[in-house]
Amino acid sequence: MRLTKLFGKTQREIPAEADTISHQLLLRTGMISQLAAGVYSYLPLAWHSLKKIENIIRDEMDKAGGQEITMPVLQPIELWEKTGRAQAFGPILFKLVDRRERTLVLGPTHEEVVTDLAAHFTQSYRDLPLMLYQIQTKFRDEPRPRGGLIRVREFMMKDLYSFDIDEAGLDISYQKMLQAYKNIYARCGLTALLVEADSGAIGGKDSHEFILPAESGEDEVIYCHDCKYTANAEKAQFNKGKAKNDKPLRIEEMATPGIATIEAVANFLKVPQSQTIKAVFYIADGKFVFVVIRGDLPVNEIKLKNALHCQELRMATEAEIIDQRIVPGAASPIGIKGVKVVADDSITSGTNFVAGGNKPDTHIKNVNYPRDFKAELVTDIALARASDTCAKCGGKFQSIHGIEVGHIFKLGSFLSQTLGASFIDADGVSKPIVMGSYGIGLGRLLAAAIEQNHDDKGIIWPLPIAPYQIYLCPLYRDGTKVGEIAEKINGELEVAGLEVLFDDRQESPGVKFNDADLLGIPLRVTISPRTLEKKSVEVKWRMEKESKLLPIEGIASAIKQLIAEKSAK
RNA sequence: CGGGGUGUAGCGCAGUUGGUUCAGCGCGCAGCGUUUGGGACGCUGAGGUCGGUGGUUCGAAUCCACUCACCCCGACCA
């Protein structure tokens, strides 16, 4: 491809709207163009890379036994209402009304449609296991698109669905996909972490995410050095410490004038924060919830949401708290009636806690569960932090930020039951199909690849997903044969099946080199009067500092060799 | 949806005590010439209903009201 003909131009200045690195670079390289919030055009360079990613993914899906299909983007909302996920997705669903006043949604994912498909075509255990996938545009009306391609409203996703006769079958399918995903990231030249995850709105049981470590990532991964436990912070289990188990003492009211925070209470009464009980208030699907947790632990709203099985969760306002006749700053579940109380399991293992007195400026000493208060639900709702230790081995945690570039779920048979996707087993009994769901966002992976591979000059594409392999860079000079030889070499490289971006612009060396670095094409081949004197060209890898000369004679095969060696690594 | 911010040429910005040095600068773009191993230089030129609507005023990019769009921080996700 000739740079003079390429659609899309590089920019010197960083676009004001971008402050994520990948977003800046994608714009500066002329790879993408924004049309609306979270809606982008992919220009040729980006599209080339995306196609390469797509091909790697397709290849791995096929190898794992997936069959490619394509399903409608336009889906009747009734299908979503049947499974209850119209509610679960809520305003994320793009909805539209057709001329018959029928409501349709633009598919944010395809579990409903694919399950409906399976219900039609899968009747016998002989038809299973089955894996269907597609690579297609998804629509999600995200509340806040951000970071260029990191989080958008319209995006290409590979979504595969597995169908098995039982949980054991699902485990096998799940493992196959897990391995295929590992292969995909490796083949793209990227490092991704496999982490335990929460399943979110998709629902289901086991779930893993693939996270590309990146400073700008919005996900936090908790990682144990000793036993290699790796989980999303919103899911991570951790060691809450051994509480003192003294003999429960008699309850005792204390005056705590003007003291309303856990920190202040702990300081005032000279007890560690872990010896206090904190009260936090939420509104879950419109209902007030009283949450209690040990004073030193933060509440994990994801865990809480899962525990409550609610769609919408938010902190209660002060007015809402007072409305319940609760005293903010001195609240505890002792004697509270008519309010749902949810407790973190951390409060069950200790004794003689300090809790609020439910009167202004008053706290209570020696509070013990369940002697002094009851909770309707006691479970793990605490948020893990890097300072915590591993629940499995006690090892020290570490926290890593990253971008979620893949998510796989064990769905079970919830959807197949509600949509009637069943099969006749060998024993002649009708059973629901056991499903799994596996997704990768392609554009996000592209952006994440840039987040992971760049320097202050620009992108450093991993070879397998670079838009082109070679940047052919002649430094033209009148009265020399640079132009002529560059044309010849360009032809030879293309004949050899190499992907060449030919910088045929009449620009100064500085401009060309800077653009070559910005675009991040892996191998730069420079032809200049200087190299011609030695009957050679200069080759330089984007990721390396050193360059070397190669003879023009047989250059195409020499470069092909170089690329092949690099690919093998 | 809550909080913060920005809209002036393709990009980055100045101008915002209202008034023909207020419609400008840099980059980019077009033409000509000189340059050429890390973002060269000169000359010439094209390009903007100052986000939109309504108002105030003799006069609005500038003041007022409404509105739209986009970005950032939070709650959500591939």
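No hydrogens, no waters, no symmetry mates; every other heavy atom, side chains included, goes into these values. Per chain, numbering begins at 1; letters A, B, ... match sequence-line order.
Taking atom C1' on both B:A61 and B:G15, the two are 8 Å apart, rounded to the nearest angstrom. Across B:G38 and B:C32, the matching C1' atoms stand 27 Å from one another, rounded to whole Å. One C1' atom belongs to B:G39, the other to B:C1, and the distance between them is 45 Å to the nearest Å. Look at the P atom in both B:U6 and B:C13: the space between them is 12 Å, to the nearest Å. Between the P atoms of B:A30 and B:U62, the separation comes to 34 Å (whole Å). Nucleotides B:G3 and B:A60, compared at atom P, are 34 Å apart to the nearest Å. B:C27 and B:A46 have their C1' atoms separated by 16 Å, with the value rounded to a whole Å. Here, B:G28 and B:U17 have their P atoms 32 Å apart, quoted to the whole Å.
Nearest-nucleotide positions on RNA chain B place A:Asn514 closer to the 5' end than the other of A:Asn514 and A:Ala37. Between A:Met157 and A:Asp515, the residue whose closest nucleotide on RNA chain B is further toward the 5' end is A:Asp515.
Protein atom CG of A:Asp456 is 15 Å distant from nucleotide atom P of B:G39, rounded to whole Å. Atom pair A:Glu142:CD and B:C70:C1' shows a separation of 17 Å (rounding to whole Å applied). The separation between A:Asp19 atom CG and B:G4 atom P is 19 Å, rounded to whole Å.
Contacts of A:Tyr174 classified as ring pair (Phe, Tyr, Trp, His ring centres under 6.0 Å), with partners at least two apart in sequence or in another chain: A:His208. Among residues two or more places apart in sequence or in another chain, the ring pair (Phe, Tyr, Trp, His ring centres under 6.0 Å) test is passed with A:His48 by A:Tyr468. The side chain to side chain donor-acceptor pair (under 3.5 Å) search around A:Gln134 returns A:His110, A:Gln136, A:Asp159, not counting sequence neighbours. Here A:Asp141 pairs with A:Arg153 under the side chain to side chain donor-acceptor pair (under 3.5 Å) rule; sequence neighbours left out.
Side-chain contact annotation: A:Tyr133 with A:Asp62, donor-acceptor N/O pair under 3.5 Å present.
Among residues at least two apart or in separate chains, salt bridge (Lys or Arg N to Asp or Glu O under 4.0 Å) pairs with a member in residues 31-51 of chain A are A:Lys51-A:Glu54. The salt bridge (Lys or Arg N to Asp or Glu O under 4.0 Å) pairs that include a residue from residues 524-540 of chain A are A:Arg524-A:Glu538, where partners are two or more places apart or lie in different chains.
A perpendicular orientation is assigned to the rings of A:Tyr185 and A:Tyr181, their planes being inclined by more than 60° (bins at 30° and 60°).
If you check every strand for non-hydrogen atoms under 4.0 Å, A:Pro145 touches sugar and phosphate atoms only. Nucleic acid contact for A:Gly147: sugar-phosphate only, since backbone atoms but no base atoms lie under 4.0 Å from a heavy atom of the residue. Using a 4.0 Å heavy-atom cutoff across all strands shown, A:Asp159 reaches no nucleic acid atom at all. Within 4.0 Å of A:Val405, counting heavy atoms only, lie sugar-phosphate atoms of the nucleic acid but no base atom. When heavy atoms are screened at a 4.0 angstrom cut-off, A:Ala18 is found touching no nucleic acid atom at all. Across all strands shown, A:Lys540 has no heavy atoms under 4.0 Å from either base or sugar-phosphate atoms.
Proximity note for A:Gln34 (side chain, C-beta onward) versus B:G74, B:C70, B:C77: the nearest is B:C70.
Once rounded to the nearest 0.5 Å, the distance linking CG of A:Leu519 with CH2 of A:Trp461 reads 10.0 Å.
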Are there any protein N/O atoms within less than 3.5 Å of an N/O atom in nucleotides 7-13 of chain B, and if so, which ones and at what distance?
{"unit_1": "B:C11", "atom_1": "O2'", "unit_2": "A:Gln11", "atom_2": "NE2", "d": "3.4"}
{"unit_1": "B:G12", "atom_1": "OP1", "unit_2": "A:Ala16", "atom_2": "N", "d": "2.9"}
{"unit_1": "B:G12", "atom_1": "O2'", "unit_2": "A:Glu13", "atom_2": "OE2", "d": "3.3"}

Report all side-chain donor-acceptor pairs from residues 7-21 of chain A shorter than 3.5 Å, counting only partners two or more places apart or in another chain.
{"unit_1": "A:Thr10", "atom_1": "OG1", "unit_2": "A:Asp515", "atom_2": "OD1", "d": "3.0"}
{"unit_1": "A:Thr10", "atom_1": "OG1", "unit_2": "A:Asp515", "atom_2": "OD2", "d": "3.2"}
{"unit_1": "A:Gln11", "atom_1": "NE2", "unit_2": "A:Glu13", "atom_2": "O", "d": "3.4"}

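A close approach under 4.0 Å does occur between a side-chain nitrogen or oxygen of A:Arg12 and OP1 or OP2 of B:G28.
No option in A:Ile326, A:Val280, A:Val342 other than A:Ile326 meets the side chain to side chain contact (heavy atoms under 4.5 Å, CB included) test with A:Phe290.
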Where along nucleotides 31-37 of chain B does protein come under 4.0 Å, by heavy atom, of base (B) or sugar-phosphate alone (S), with - for untouched nucleotides? -----BB
